[in-house]
Amino acid sequence: MDPAETRLITVDRDAPQASAIDEAARALRRGELVAFATETVYGLGADALDPDAVARIFAAKGRPATNPLIVHAADVDGARACVSAWPDDAQTLAEAFWPGPLTLVLPASANIPPIVTAGRSTVGIRIPRPEVARALIRAAGRPIAAPSANRSNGVSPTLAEHVRKDLDGRIAMILDSGPAEVGLESTVLDLSGVTPVVLRPGQVSSAEIAAILGRPVFESTVHAPASGPYGLASPGQLAVHYAPRTPADWVERLDEGVARAEQEAGVGLLVIGRTVERGSGTILSLETPEQAARELYATLHAWDELGLSRIVIVPPPDLPEWRAIRDRLRRATGPR
Ligand code: TXA
Ligand code: MG
């Protein structure tokens, strides 16, 4: 099935119209793909219990079958139905952070089809925060598998328009409830081993997780494919991921970044965590971690439309509050 027309339906984020939710839920139950906003980025949803529906996600995104999907639930009972173990740590973190931008990797229950987990024994689950997302999952009456709603390896969408640009004609429906408020993908935390491991940094930091759990948390932020019998801990750890189409360079020093923007034609300068005098539309600084998270992807999407020859990115300082942003910038500027 390759839907020729993608329907765009506007819906209120906090008080979603029942008619829109019903229509989207019916599409999901028919095995179709529906994009919707979570607090992090727009997700591309399918019925997580229907392998054919999930296969359409991989086809629409051009996603390798080796990269597992996050399953979204409306409440803790729904999340627990997707896993075969619910350790105390999971309960503690669910109470502290759900609904919210934290994905927990736990042993998968037998009802989760292998295509969702890419054949692994674990599944990533989370409860998204916006009412529109949870209303949709409730109305569908089943867990919803949803990667970010972009073509594989591209920049995640924070607006319905980003989804339309990328996936128009490939999915059934987009629910437009405005911008995703966090703007960066969820923290992925592996709870399936002895020690909790952050596989992807996000707004929920490893320090916060460690404080809530009362024990250390490892960070596994690999930037190059590790070889070995088990491959990568998380396929999202590939060096190039989340990259704009325009070539992007990581330039450590602000004065060097400014010089390159002044000397070379068609260069956009994006300065993170520092202020820069704004000389034109393509010199931009994102100053706080919250602002940078919210606006980074929208900026990369917009700048991809400008036909720039290059984007020069001056990264923020190497401090804990910037970890998730630096992780995404490394990937956006990685080798291709
Ligand atoms: O904020 C988010 O997490 C968004 C919204 C839509 O929820 N979703 C998202 O999905 O970013 P995606 O597919 O773009 O990224 C999911 C990440 C990938 O790096 C994937 O490899 C990892 O989570 N992941 C999923 N299941 C996993 C598992 N069982 N074990 C290890 N990593 C897993
Ligand atoms: Mg993604």
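Because the structure is predicted, anything quoted here is derived from the model rather than measured. Order of appearance sets the numbers: ligands from 1, and atoms from 1 within every ligand.
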Atom CG of Asp88 with >12 non-hydrogen neighbours under 6.0 angstrom: no
Closest heavy-atom pair and its distance - Ile21, Ala135: CG2-O, 3.7 Å
Contact summary for Pro107 and Ser192, nearest pair of heavy atoms: CD-CB, 4.4 Å
Would you kindly specify which portion of [X] sits under 4.0 Å from ligand 1, judged on non-hydrogen atoms: side chain, backbone, both or neither?
{"X": "Ser148", "answer": "both"}
{"X": "Arg63", "answer": "side chain"}
{"X": "Leu199", "answer": "side chain"}
{"X": "Val105", "answer": "side chain"}
{"X": "Asn67", "answer": "side chain"}

N/O/S atom of Ser148 inside 2.8 Å of the Mg ion (ligand 2), strictly under: yes
Look at ligand 1 and say whether [X] reaches it with a heavy atom at a distance under 4.0 Å.
{"X": "Thr117", "value": "no"}
{"X": "Pro101", "value": "no"}
{"X": "His72", "value": "yes"}

Steps toward side chain to side chain contact (heavy atoms under 4.5 Å, CB included) verdict (Ile283, Val276): CA-CA 8 Å; Ile283 298 183; Val276 68; 4.0 Å; yes
For ligand 1, which atoms, with element, lie under 4.0 Å from some heavy atom of [X]?
{"X": "Thr40", "value": "1 (O), 2 (C), 4 (C), 5 (C)"}
{"X": "Ser186", "value": "1 (O), 2 (C), 3 (O)"}
{"X": "Glu185", "value": "1 (O), 11 (O)"}

Ionic contact status for Arg29 with Asp47, cut-off 4.0 Å: no
Arg138/Glu131 salt bridge by N-O under 4.0 Å criterion: yes
Whether Trp86 and Trp98 hold their rings parallel, tilted or perpendicular, with breakpoints at 30° and 60°: tilted
Any N/O pair Thr122/ligand 1 closer than 3.5 Å: yes
Expected output: side-chain Lys61 to main-chain Ala149 donor-acceptor under 3.5 Å: no
